[in-house]
Student: 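Got a structure here, written out as structure tokens. Questions coming.
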Amino acid sequence: MKIAFVGKGGSGKTTLSSLFIRHLVAAGRPVVAIDADINQHLGPALGLEESEAAALPAMGERLSLIKDYLRGSNPRIASAATMIKTTPPGEGSRLVRVREPSPVYDACARPVELDGGAARLMVTGPFTDADLGVACYHSKTGAVELFLNHLVDGPDEYVVVDMTAGSDSFASGMFTRFDMTFLVAEPTRKGVSVYRQYKEYARDFGVALKVVGNKVQAQDDIDFLRSEVGDDLLVTVGHSDWVRAMEKGRPPRFDLLEEANAHALHTLRAAADARYEARDWERYTRQMVHFHLKNAEAWGNERTGADLAAQVDPDFVLGESVATPV
């Protein structure tokens, strides 16, 4: 299952992402965790020292390797240089699976030990001073989108992405790549403003969206969120001494997380798992193609000097039964 955490800056989406990842690992589930936020805080939230997090290999800096591997023997792609972030897989493309080894994981992922288990952690890499004036952060997250386009995941397998804050998620088609999107919102007007943007923009794409109320202190906060987001409010999370200790770099054992907050994480997993039966790989592939053609016309053809529409394999549908070429 592919799961995104979104929300405005400071909403607590990275904290909730990290708690959910810990919850999945504690349950013995295989997890690929991806930090696609410009601030790159997921590593420290998972217990890494700042120096360890800074040393993680950036996907954005290994984009050529990622493209070259995923291209495989796909005859519709003339060269890896003509692949853009939305390039869809086709016959001959190499795919990535959650449990299987891959050169992409070798280059870009590192295991993070969590209470007796481990998650694979991948990061886009931070937006640095060297990028100013010459690069867009979305060019870095393009590596994540290309990875997701070539990812095949099954039941009880999880890819959790901490997305960039606010409405920046709409800068590409990546917001359609998930089985479930959890929008973390504080009980304030600013807290729900991103929800309204997300709801409106995602409406036509069948995006499954649920709100996680964070920093909730009283029933009045719950009532406010319910009045603003209605039935999209899935669960609320309140103060956590466990999280406070984690933020100080001294997390207790995860099984000591407060019962109410542990129950909230169970609710999130149940909501994500329920989406499995609703999966529509044909629609998923069709949306991939939609955004690829849109990007090709807007800038991709000019930038690469190629007709990127020709990369689309009309007979290919991504799915769990698709074999991965060697």
Side-chain angles (χ1 to χ4, degrees), residues 1-4 6 32 34 36 66-67 70-78 82-98 138 141-155 157-159 161 163 167-183 197-210 272-301 303-304 306-325:
M1 306 298 291
K2 293 180 285 291
I3 299 159
V6 301
V32 175
I34 303 177
I66 294 171
K67 288 180 177 181
L70 297 179
R71 176 191 171 216
S73 60
N74 187 334
R76 294 177 178 273
I77 302 176
T82 63
M83 295 177 74
I84 62 174
K85 62 184 180 179
T86 51
T87 296
E91 188 67 32
S93 295
R94 292 194 183 102
L95 306 177
V96 182
R97 298 178 186 268
V98 173
H138 303 127
T141 59
V144 179
E145 186 166 359
L146 194 61
F147 170 82
L148 293 175
N149 280 358
H150 291 74
L151 175 72
V152 178
D153 56 310
E157 298 177 337
Y158 297 88
V159 178
V161 182
M163 296 280 279
S167 57
D168 280 356
S169 302
F170 302 130
S172 71
M174 192 159 69
F175 74 98
T176 66
R177 302 295 84 203
F178 302 99
D179 297 288
M180 174 60 75
T181 296
F182 292 126
L183 190 145
Q197 288 178 300
Y198 223 102
K199 184 76 171 179
E200 180 63 28
Y201 199 83
R203 189 186 310 278
D204 296 331
F205 294 95
V207 173
L209 178 67
K210 288 295 181 182
D273 289 346
R275 293 294 304 168
Y276 181 75
E277 296 301 325
R279 278 187 158 187
D280 184 342
W281 286 102
E282 289 189 2
R283 184 183 72 179
Y284 185 82
T285 306
R286 188 168 60 249
Q287 288 176 341
M288 248 192 277
V289 170
H290 166 80
F291 282 101
H292 181 62
L293 294 178
K294 186 176 179 180
N295 278 276
E297 183 177 352
W299 56 268
N301 289 344
R303 184 172 300 179
T304 63
D307 176 13
L308 300 186
Q311 294 180 345
V312 176
D313 185 340
D315 299 320
F316 183 86
V317 176
L318 189 65
E320 292 177 52
S321 62
V322 177
T324 304

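Both backbone and side-chain heavy atoms feed into the values below; hydrogens, waters and symmetry mates do not.
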Student: Could you grab the distance from atom CE of M163 to atom OG1 of T141, nearest 0.5 Å is fine?
Tutor: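 It comes to 8.0 Å.
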
Student: Quick check for you: to the nearest 0.5 Å, what is the distance between H292 atom NE2 and K85 atom NZ?
Tutor: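 Reported value, rounded in 0.5 Å steps: 12.0 Å.
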
Student: Using a 4.5 Å cut-off on heavy atoms from C-beta on, say whether the side chain of L148 contacts that of F178.
Tutor: yes

Student: Taking side chain as C-beta onward, heavy atoms only, is M83 less than 4.5 Å from L146?
Tutor: yes

Student: For the residue pair R275 and M1, establish whether any side-chain heavy-atom pair is separated by less than 4.5 Å.
Tutor: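 Result yes, sub-4.5 Å side-chain heavy-atom pair found.
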
Student: Give me the atom names and distance for the closest heavy-atom approach of E320 to P155.
Tutor: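 For E320 versus P155, the nearest heavy atoms are OE1-CD, 3.7 Å.
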
Student: Would you compute the distance between atom CG of N295 and atom CG of N301 and round it to the nearest 0.5 angstrom?
Tutor: 10.0 Å

Student: Judged by atom type as modelled, is there a donor-acceptor pair below 3.5 Å linking the side chain of S93 to the main-chain atoms of G72?
Tutor: no

Student: If we only count heavy atoms from C-beta on, is the N149 to T87 side-chain gap below 4.5 Å?
Tutor: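 No - every pair of side-chain heavy atoms lies 4.5 Å or more apart.
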
Student: D153: which residues meet the salt bridge (charged side-chain N to carboxylate O under 4.0 Å, His left out) condition with it, sequence neighbours left out?
Tutor: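 For D153, the residues satisfying salt bridge (charged side-chain N to carboxylate O under 4.0 Å, His left out) (neighbours in sequence not counted) are K2, R279.
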
Student: So, the side chain of R71 versus the backbone of A78: is there a donor-acceptor pair under 3.5 Å, distance only?
Tutor: yes

Student: Taking the six-membered ring for Trp, are H290 and F205 parallel (under 30°), tilted (30 to 60°) or perpendicular (over 60°)?
Tutor: tilted

Student: To the nearest 0.5 Å, what is the distance between OG1 (T86) and CD (E145)?
Tutor: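 The distance works out to 6.0 Å.
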
Student: Any heavy-atom pair between the side chains of V161 and I3 that's under 4.5 Å?
Tutor: no

Student: Kindly compute the distance separating CG (L308) from CZ (R76), expressed to the nearest 0.5 Å.
Tutor: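 CZ of R76 is found 13.5 Å from CG of L308.
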
Student: Does G154 offer a backbone N or O that forms a donor-acceptor pair with the side chain of E157 under 3.5 Å?
Tutor: yes

